[in-house]
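Take this structure first; my questions come after.
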Amino acid sequence: MAAAAKAGEATLRHAFGNVLSFFILLLIGVLAFSIRLFSVIKYESVIHEFDPYFNYRVTQFLTKNGIYDFWNWFDDRTWYPLGRVIGGTVYPGLTLTAGTIWWLLNSLNIPLSVETVCVFTAPIFSAFASWATYLLTKEVKGAGAGLTAAALLAMVPSYISRSVAGSYDNEAVAIFALIITFYLYIKTLNTGSLFYATLNAIAYFYMVCSWGGYTFIINLIPMHVLLCIVTGRYSSRLYIAYAPLVVLGTLLAALVPVVGFNAVMTSEHFASFLVFIILHVVALVYYIKGILSPKMFKVAVTLVVSVGLVVCCAVIAILVALVASSPTKGWSGRSLSLLDPTYASKYIPIIASVSEHQPPTWPSYFMDINVLAFLVPAGIIACFLPLSDASSFVVLYIVTSVYFSGVMVRLMLVFAPAACIMSGIALSQAFDVFTRSIKFQLLRILGFSEADAGDGSSANVVPENDAVKVDKSEETIKERPSRKNKKKEKEQMEKAQAEKTSAKSKTEKRLLVLPMELSVIGLLLLVFMGAFYVVHCVWAAAEAYSAPSIVLTSYTHEGLHVFDDFREAYAWLRHNTEVDDKVASWWDYGYQTTAMANRTVIVDNNTWNNTHIATVGTAMSSPEKAAWEIFNSLDVKYVLVVFGGLLPSCVFQNSCLK
């Protein structure tokens, strides 16, 4: 009866915990959405920056003309006189996502405009990203760490900078796709389920559709698989987690027009194929080991390894031959600038000239992740206690993302989820130790026995009898020498060993008790640190990252002044020029001119043709006569000039080209 009552109490506690976690996640989603609305509250519902205006224009075309016209759209209003094939040069994930949301809302008789949907897409997906972070961290270190990491990600300034309302860029949905892909990979690794492996490939496909940063995934996961193989942690679960991802993921990625055959022809993807071959060689070795005697196994391993090395060398030779003709050896310019930080400044100045492609300064880390920078090392240490396949993956994630964020400030966005996961693990473990210590000390003060205090402080500790059962089951397994059941016996032994290790670790947790004063001080410091983090994140969201670049503001003794010169200039172009007039501007303003003024531009933010950009740059830096000849050859009638000395912007008609 007592055991049944205790089991019922545990079930009730578990159910209550699940309900509480659900409501906490709901509040975290509301927080992630609402903290990104400062730009709408302070200004208005408006698209921010430069690239989002192109995405907005493409979404308008998609909702108006349909998916097939979108894939075949040749835009003659950009890169005059060359034009641009839109369907084959954009990552369509963001556009298709917003277009689908708009279609669903209108199907439900909720008549929102395309612009409104675009403005609020990023805040909506920030909530999804927070929930995905909970799922990922839960697979690594439990629900407590997952809830903490989700709350941290909902507010982290680095992610807010790219997901405020109006920031309609690829990263708005790509970070969610990145985290959910990692979660499904870890879930498959923990369960060995083909269902989750298939979902993982689909999530990777969505990531490929959304952002060019998908190459980070297809290189990080092979690195983790190789790490598991080298450290002797190969299992059938590892094979199921990786092999379907490479096969299905590559086939699906090749369906995206902007990627196409690059999924198998560029150097960014070769690591996944090489590890795919190594994984199959290792799997074959383990299979042979299970069916052959030790003597025959040595001969077979020699043969398999020899053949495997020959195949690997042949594949490497083929890949080298494929990319040898390329001056960059099959790597894109942005990838090379990450691997060699000096590459862009030497060979691609236009990439190096963009501010978000510069290396970050040390203060930017404190600005973008704040106190998480001090919690990350503690989270890394916690991942080694004990080290599992899942925890080794997040350690590898944080290490690689730290490097890339140090090369390019834009990639602080990739580092932010890893920092939140590690900080969530550190905070959860610290809270667990401090609260358990306080509970233990209070029970001792109230006169309970030390054993009762230990049991009360750790409800999930495995009793010693269960540990003895684990040992007995392990001995029983060792007594079965049947060759047919070797694989099954091995899996049972691994499971028994894992349960034994878990029981040991939980018993050690029960013995880790700190003094009452130290625990209280530690809790107060953690609460203070959390409060400081919240205040900083709210300030960053309200002041630093919510001002749209299209609307300028200044504060004087008279109050707030709003300069709307950019939109006024584009409105002047739209209403006072002919539809077929050509406008020359520096490439930063091309997307805005096309989207808001609806006029043909010479260059824009796509920067796919350096020669065309150099031509415009030459004209703008030349004397009037030389500039007139260049602009005249391009049929330019108006020039957009941005001058910040006296007026934010102005548009004038070139009288020589009239």
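If you're wondering where the values come from, they're calculated on a predicted model, not measured in any experiment. FYI, side chains are in, hydrogens and waters are out, and symmetry mates aren't considered; it's all heavy atoms of this structure.
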Task: Aromatic plane relationship, Phe276 with Tyr242 - under 30° parallel, 30 to 60° tilted, over 60° perpendicular - done: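 Tyr242 and Phe276: tilted rings.
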
Task: Ser158 side chain vs Met412 backbone, donor-acceptor pair below 3.5 Å - done: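 A pair under 3.5 Å: yes.
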
Task: Residue Trp608 excluded, over 12 heavy atoms near CH2 under 6.0 Å - done: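 Counting neighbours around CH2 of Trp608, more than 12 heavy atoms of other residues, nucleotides or ligands fall under 6.0 Å, so yes.
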
TODO: Please report the shortest heavy-atom distance between Leu31 and Ala154, naming the atom on each side.
DONE: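 Looks like CD2-CB, 4.4 Å.
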
- [ ] Please step through side chain to side chain donor-acceptor pair (under 3.5 Å) for the pair Tyr168 and Thr59, ending with a clear verdict.
- [x] CA-CA 11 Å; Tyr168 184 59; Thr59 307; 2.6 Å; yes

Open item on the list: Assess, by modelled atom type and distance only, whether the side chains of Thr181 and Tyr214 contain a donor and an acceptor separated by less than 3.5 Å.
Closed with: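 No, no side-chain donor-acceptor contact under 3.5 Å.
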
Open item on the list: In this structure, is the centre-to-centre distance between the rings of Phe128 and Phe125 below 6.0 Å?
Closed with: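 Ring-ring flag for Phe125/Phe128: true, centres closer than 6.0 Å.
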
- [ ] Output yes when a side-chain donor or acceptor of Tyr365 lies under 3.5 Å from a complementary backbone atom of Gly406, and no otherwise.
- [x]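 Side chain of Tyr365 to backbone of Gly406, a donor-acceptor pair under 3.5 Å: yes, one is there.
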
Open item on the list: Is it true that Tyr206 and Thr97 share a donor-acceptor pair across their side chains at a distance under 3.5 Å?
Closed with: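 Yes, Tyr206 and Thr97 have a side-chain donor paired with an acceptor closer than 3.5 Å.
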
- [ ] Determine the interplanar angle of the Phe270 and Phe273 rings, folded into 0 to 90°, and report it as parallel if under 30°, tilted if 30 to 60°, perpendicular if over 60°.
- [x]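 Correct class here is tilted.
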
Open item on the list: For Phe216 and Tyr397, take the angle between the two ring planes, folded into 0 to 90°, and tell me which bin it lands in: parallel under 30, tilted 30 to 60, perpendicular over 60.
Closed with: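 Aromatic pair Phe216/Tyr397 classed tilted.
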
TODO: Test side chain to side chain donor-acceptor pair (under 3.5 Å) on Ser272 and His269 and set out the steps.
DONE: CA-CA 6 Å; Ser272 62; His269 304 82; over 6 Å; no

- [ ] Give a yes or no on whether Tyr196 atom OH has more than 12 heavy-atom contacts from other residues, nucleotides or ligands under 6.0 Å away.
- [x]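 Atom OH in Tyr196 is not packed in, count stays at 12 or less.
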
Task: Which atom of Leu26 lies closest to which atom of Trp131, heavy atoms considered - done: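 That closest heavy-atom pairing would be N-NE1, 4.5 Å.
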
TODO: Count the heavy atoms belonging to other residues, nucleotides or ligands that lie under 6.0 Å from NE2 of His280, then report whether that count exceeds 12.
DONE: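 More than 12 within 6.0 Å, yes.
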
Task: Nearest non-hydrogen partners of Ile180 and Ala203, listed with the distance - done: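 Heavy atoms only, the tightest pair is CG2-CB, 4.0 Å.
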
TODO: Any chance you could lay out the side chain to side chain donor-acceptor pair (under 3.5 Å) test for Tyr286 and Ser236, step after step, and finish with the verdict?
DONE: CA-CA 10 Å; Tyr286 273 86; Ser236 59; over 6 Å; no

